[in-house]
Colleague: 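Here it is: the structure, laid out below.
Values in this document were obtained by computation on a predicted structure and should not be read as measured data.
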Amino acid sequence: MTKRLTEVAKKAGVSEATVSRVLNGRDGVSEATRTAVLTALDVLGYERPTKLRGERARLVGLVLPELQNPIFPALAEVVTGSLAQRGYTPALCARTIGGVSEMDYVEMLLDHQVSGVIFAGGSYALADARHDHYRRLTERGLPVVLVNAGVDELGFPRVSTDDAVAVEQAYGHLRSLGHERIGMVLGPEGHVPSRRKLDAMVQAAGWGDGDRECVERSSFSMEGARVAATKLVERGVTGIICASDVLALGTIRAARRLGRAVPTDISVVGFDDSAFMTCTDPPLTTVRQPIETMGQAAVDLLVTQIEGVGVLQDELLFEPELVVRGSTGPAPGR
């Protein structure tokens with residue numbers, strides 16, 4: 001044992017005490033040092049302790065921000081089914097308010113020696129959020145795929161809906177109905193997909209600085225959307241493009257509380273085409289994300305990394321589809 005400690009310490013360029021800490025799974029060792037010690041152990045032909053062997057039981061984490069928004073259970077169904085077909089066991093991790101955080105879930109998944117992780121709607125999409133736990137995954141060399149746009153510097157493969165095309169479809173639809181005063185209810189300021197949607201709107205509508213009053217930000221909740229949409233309606237907006245179906249439902253609620261009818265007075269377009277949007281009153285016009293195709297692509301990218309075939313660092317963009325229902329109609333007076 002002493003000989004092994006000495007040889008591994010020399011090979012890794014660390015002290016024997018540090019090697020002992022790594023082999024016993026203790027804290028206080030950087031990821032870079034831990035990796036160096038384990039690599040030295042492998043190179044010298046010593047067997048790792050059981051808890052450090054990285055015997056990943058074909059377990060893959062799927063980390064979601066919530067399950068109340070129907071789009072996330074829909075994605076989970078696709079991803080877990082596709083993983084199971086590939087022989088992997090999915091571990092579903094859904095965050096809750098005041099419950100387990102995304103960072104905590106990452107620690108749990110690392111403890112369980114997962115083979116990889118798929119994230120959807122995480123803090124990677126928020127420019128001003130903490131991203132330390134993602135960097136831990138990078139340091140461990142763990143395969144990761146992100147669903148929908150995230151901050152560029154993380155460097156993970158991404159599977160995204162083309163936000164620019166989504167806005168072009170929604171804006172073109174409202175313009176064809178005669179709407180001239182068109183607004184947006186988007187996610188928080190640092191939300192990358194919302195930024196992309198706003199950039200696309202600026203291009204499509206030729207907006208200048210004065211047109212930014214047609215944009216309101218909200219948390220991804222019906223209550224937040226109701227507050228944001230109320231301001232837009234009071235400013236004379238007749239068509240509203242929303243960053244999610246949940247925001248669209250909150251916008252419809254806002255219009256009704258102001259005594260406006262949808263779509264007679266206000267037209268509303270959502271984003272996702274999540275479950276039950278055909279059952280709302282009125283049925284929601286929305287831009288459909290190709291969730292099944294995207295979920296399968298995310299699994300394909302992850303498995304490719306796990307099997308060591310290669311890593312695609314580029315972002316795969318999938319084209320959405322406008323689904324016209326009853327929440328949009330001709331502009332007032334048309």
Colleague: Atom CD of residue position Glu180 - does it have more than 12 heavy atoms of other residues, nucleotides or ligands inside 6.0 Å?
Modeller: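 No, because the 6.0 Å sphere around CD of Glu180 holds 12 heavy atoms or fewer from other groups.
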Colleague: Check Asp273 with Arg288, please: is the shortest side-chain N to carboxylate O separation under 4.0 Å?
Modeller: yes
Colleague: Give me each pair satisfying ring-ring contact (aromatic ring centres under 6.0 Å, His included) with a member in residues 313-334, each pair once, sequence neighbours excluded.
Modeller: none
Colleague: With a 3.5 Å cut-off and no angle check, do the side chains of Glu102 and Tyr134 form a donor-acceptor pair?
Modeller: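 Note: Glu102 and Tyr134 side chains meet the donor-acceptor criterion.
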Colleague: Can you list every pair that meets ring-ring contact (aromatic ring centres under 6.0 Å, His included) and has a residue in residues 10-34, with sequence neighbours left out?
Modeller: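 Applying ring-ring contact (aromatic ring centres under 6.0 Å, His included) to every pair that reaches into residues 10-34, excluding sequence neighbours, yields nothing.
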Colleague: Taking only residues two or more places apart in sequence, or in another chain, which ones meet Asp199 in a salt bridge (charged side-chain N to carboxylate O under 4.0 Å, His left out)?
Modeller: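 Testing Asp199 for salt bridge (charged side-chain N to carboxylate O under 4.0 Å, His left out), a comparison that skips the adjacent residues, returns none.
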Colleague: Any ring-ring contact (aromatic ring centres under 6.0 Å, His included) pairs touching residues 234-284, not counting sequence neighbours?
Modeller: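 As it turns out, there is no ring-ring contact (aromatic ring centres under 6.0 Å, His included) pair with a partner in residues 234-284 once direct neighbours are skipped.
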Colleague: Membership question, hydrophobic clusters at under 4.5 Å side-chain separation (ILVMFWY): are Val268 and Tyr171 in the same one?
Modeller: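 No, it is not one cluster - the side chains of Tyr171 and Val268 are not joined through contacts under 4.5 Å.
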Colleague: Under 3.5 Å, side-chain donor or acceptor atoms of residues 60-71 against the rest of the protein: list the pairs with distances, not counting sequence neighbours.
Modeller:
from, atom 1, to, atom 2, distance (Å)
Glu66, OE1, Asn69, N, 3.2
Asn69, OD1, Ile71, N, 3.1

Colleague: With a 4.5 Å cut-off on side-chain heavy-atom distances among I, L, V, M, F, W and Y, is there a chain of contacts connecting Leu142 to Leu146?
Modeller: yes
Colleague: Would you mind writing out the side-chain donor-acceptor pairs for residues 290-307 within the sub-3.5 Å range, not counting sequence neighbours?
Modeller:
from, atom 1, to, atom 2, distance (Å)
Asp300, OD1, Arg86, NH2, 2.2
Thr304, OG1, Asp300, O, 2.7
Gln305, NE2, Val144, O, 3.2

Colleague: Using the side chain to side chain contact (heavy atoms under 4.5 Å, CB included) criterion, which residues pair with Ser30? Sequence neighbours excluded.
Modeller: Ala32, Thr33
Colleague: Tell me, please, which residues at least two apart from Arg257 pass salt bridge (charged side-chain N to carboxylate O under 4.0 Å, His left out).
Modeller: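 Arg257 satisfies salt bridge (charged side-chain N to carboxylate O under 4.0 Å, His left out) with no other residue.
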Colleague: Starting from Val227 and following side-chain heavy-atom contacts under 4.5 Å between hydrophobic residues (I, L, V, M, F, W, Y), which residues can be reached?
Modeller: none
Colleague: What residues form a side-chain hydrogen bond (donor to acceptor under 3.5 Å, both in side chains) with Glu223, not counting sequence neighbours?
Modeller: none
Colleague: What residue pairs, at least two apart or across chains, pass ring-ring contact (aromatic ring centres under 6.0 Å, His included) with a residue in residues 174-193?
Modeller: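 Output for this query lists His191-Phe220.
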Colleague: Residues two or more places apart in sequence or in another chain: which of them pass side chain to side chain contact (heavy atoms under 4.5 Å, CB included) with Lys10?
Modeller: none
